[in-house]
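Numbers restart at 1 for each chain; the letters A, B, ... are given by sequence-line order, proteins then strands. Since this is a predicted model, take the numbers as computed values, not measurements.
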2 protein chains.
Amino acid sequence: MSVKSVQFAVATHLMAALGIYPGGEVGSATLAESVKANRTFVRKSLSKLSKAGLVLTTRGKSGASVLARPPKRITLLDIYRASGAPPAFAIHSYPVEKRCPVSCNLKECMSAVLSQAQKSFEKSLANITLADFIRQIRAKGH
Amino acid sequence: MSVKSVQFAVATHLMAALGIYPGGEVGSATLAESVKANRTFVRKSLSKLSKAGLVLTTRGKSGASVLARPPKRITLLDIYRASGAPPAFAIHSYPVEKRCPVSCNLKECMSAVLSQAQKSFEKSLANITLADFIRQIRAKGH
DNA sequence: ACCAAATGTGACTCTTAACATCACATATTG
DNA sequence: CAATATGTGATGTTAAGAGTCACATTTGGT
């Protein structure tokens with residue numbers, strides 16, 4: 001029903017790191033060390049955040065990334081959407097048995113249910129700002 | 001972040017079919033025709049629903065399944081849980097970079113966020129009964 | 001102008017987990 | 001006890017995410 005994807009968690013990690021790092025300018029190599037993930041993978045994630053307008057990236061020598069807005073004005077929903085994570089809920093793609101009314105209508109009814117579920121999921125993400133999230137990380141100490 | 005799984009959709013399909021079928025006793029072969037999925041797969045799904053107490057199954061010759069309770073008293077959350085669908089949201093499993101406070105605390109903070117999201121997702125499923133769902137299917141006609 | 005060092009991206013491989021399928025155990029009716 | 005259900009472990013298949021490589025592109029410094 002869903003796709004195991006790390007995109008959202010990694011994107012959030014990157015955003016939190018950018019928000020916490022003093023000065024705020026961080027290169028992708030440093031970020032990759034923090035996430036301990038593949039550099040190319042991190043660059044790709046950063047690129048998405050950049051395209052979504054959450055991060056400003058400079059290229060060339062001494063290139064780096066900065067948050068495009070203060071953390072208060074970025075929600076986890078923004079990050080989720082930017083991360084390109086696939087929709088959390090999916091339906092099967094079996095053929096339809098035309099003689100069966102359940103089979104005929106299930107997909108339509110099911111996708112109504114799932115899109116409602118997706119909305120309530122997104123709503124809960126919209127209620128958390130990056131600033132909140134960073135505060136929680138700081139609260140746990142080091 | 002999630003796992004593409006068809007379990008929930010199939011389980012809902014089965015429950016709706018059992019609820020709609022006149023008399024209510026249906027064999028797994030008939031159900032498999034409606035879903036147009038593999039018979040073994042359907043039996044396994046039914047088995048889970050049975051173990052969860054949503055369905056009563058009789059074995060042996062003339063074996064079949066019936067809803068254990070009236071559709072009004074079954075929610076889609078019951079079905080979701082019974083379906084054994086993996087948690088909709090997951091975190092990566094990269095190692096922790098101990099020098100980085102973000103890396104150290106991310107998993108914990110992230111799983112708090114995700115479990116909250118999961119809860120709000122489940123809440124929206126809890127608000128829909130199987131009877132509601134069947135009504136929606138019927139409303140679409142055949 | 002050129003080199004060094006960074007990001008951006010397309011292409012390919014590797015890995016994993018869900019689904020499909022098979023084989024057979026188990027249960028029940030007539 | 002034979003016929004016909006369901007239950008389930010084992011194994012094969014496959015699709016999608018993640019890892020990796022190669023190289024283009026951008027930009028600052030000498």
- Item | By side-chain contact (heavy atoms from CB on, under 4.5 Å) - contacts of Cys100(A) (at least two apart) |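 Once residues adjacent in sequence are excluded, the partners of Cys100(A) under the side-chain contact (heavy atoms from CB on, under 4.5 Å) criterion are Glu97(A), Val102(A), Ser103(A), Ser34(B).
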
- Note on the structure: Sorted by chain and residue number, the side-chain contact (heavy atoms from CB on, under 4.5 Å) partners of Glu122(B) (sequence neighbours excluded) come out as Leu77(B), Tyr80(B), Arg81(B), Gln118(B)

Could you tell me the separation between the [atom1] atom of [X] and the [atom2] atom of [N], rounded to a whole number of Å?
X: Arg39(B); N: dA20(C); atom1: CZ; atom2: P; answer: 15 Å
X: His92(B); N: dG19(D); atom1: NE2; atom2: P; answer: 10 Å
X: Leu49(B); N: dT6(D); atom1: CG; atom2: P; answer: 14 Å
X: Leu46(A); N: dT26(D); atom1: CG; atom2: C1'; answer: 16 Å
X: Phe41(A); N: dT7(C); atom1: CZ; atom2: P; answer: 16 Å
X: Leu56(A); N: dT7(C); atom1: CG; atom2: C1'; answer: 14 Å
X: Tyr94(A); N: dC19(C); atom1: OH; atom2: C1'; answer: 7 Å

- Message: Please list, in numerical order, the residues of residues 13-26 of chain A that have a heavy atom closer than 4.0 Å to any atom of DNA chain C.
- Response: none

Under 3.5 Å donor-acceptor pairs involving side-chain atoms of residues 40-55 of chain B, not counting sequence neighbours:
{"from": "Ser45(B)", "atom 1": "OG", "to": "Phe41(B)", "atom 2": "O", "distance (Å)": "3.2"}
{"from": "Lys48(B)", "atom 1": "NZ", "to": "Gln7(B)", "atom 2": "OE1", "distance (Å)": "3.4"}

Using the salt bridge (Lys or Arg N to Asp or Glu O under 4.0 Å) criterion, which residues pair with [X]? Sequence neighbours excluded.
X: Arg39(B); result: none
X: Arg135(B); result: Asp132(B)
X: Arg69(A); result: Asp78(A)

- Task: Indicate, with yes or no, if Leu67(B) and Leu56(B) share a hydrophobic cluster defined by side-chain heavy-atom contacts under 4.5 Å among Ile, Leu, Val, Met, Phe, Trp and Tyr.
- Result: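 Leu56(B) does not cluster with Leu67(B).
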
Sequence neighbours left out, cut at 3.5 Å: what donor-acceptor pairs do the side chains of residues 104-114 of chain B make with other protein atoms?
{"from": "Asn105(B)", "atom 1": "ND2", "to": "Ile137(A)", "atom 2": "O", "distance (Å)": "3.3"}
{"from": "Asn105(B)", "atom 1": "ND2", "to": "Gly141(A)", "atom 2": "O", "distance (Å)": "2.8"}
{"from": "Asn105(B)", "atom 1": "ND2", "to": "Pro101(B)", "atom 2": "O", "distance (Å)": "3.2"}
{"from": "Lys107(B)", "atom 1": "NZ", "to": "Tyr94(B)", "atom 2": "O", "distance (Å)": "3.3"}
{"from": "Glu108(B)", "atom 1": "OE2", "to": "Lys140(A)", "atom 2": "NZ", "distance (Å)": "3.4"}
{"from": "Ser111(B)", "atom 1": "OG", "to": "Lys107(B)", "atom 2": "O", "distance (Å)": "2.9"}
{"from": "Ser111(B)", "atom 1": "OG", "to": "Glu108(B)", "atom 2": "O", "distance (Å)": "3.1"}

- Message: Nearest to the Ser47(B) side chain among dA18(D), dA20(C), dT8(D), which nucleotide is it?
- Response: dT8(D)

- Classify the nucleic acid contact of Lys51(A) as base, sugar-phosphate or nothing, counting any heavy atom under 4.0 Å across all strands shown. sugar-phosphate

- Task: Nearest 0.5 Å please: distance from the OG1 atom of Thr12(A) over to the CD1 atom of Ile74(A).
- Result: 11.0 Å

- Item | Nucleotide-resolved protein contact map, nucleotides 22-30 of chain C, B/S/- at heavy-atom distance under 4.0 Å | BB--BBBB-

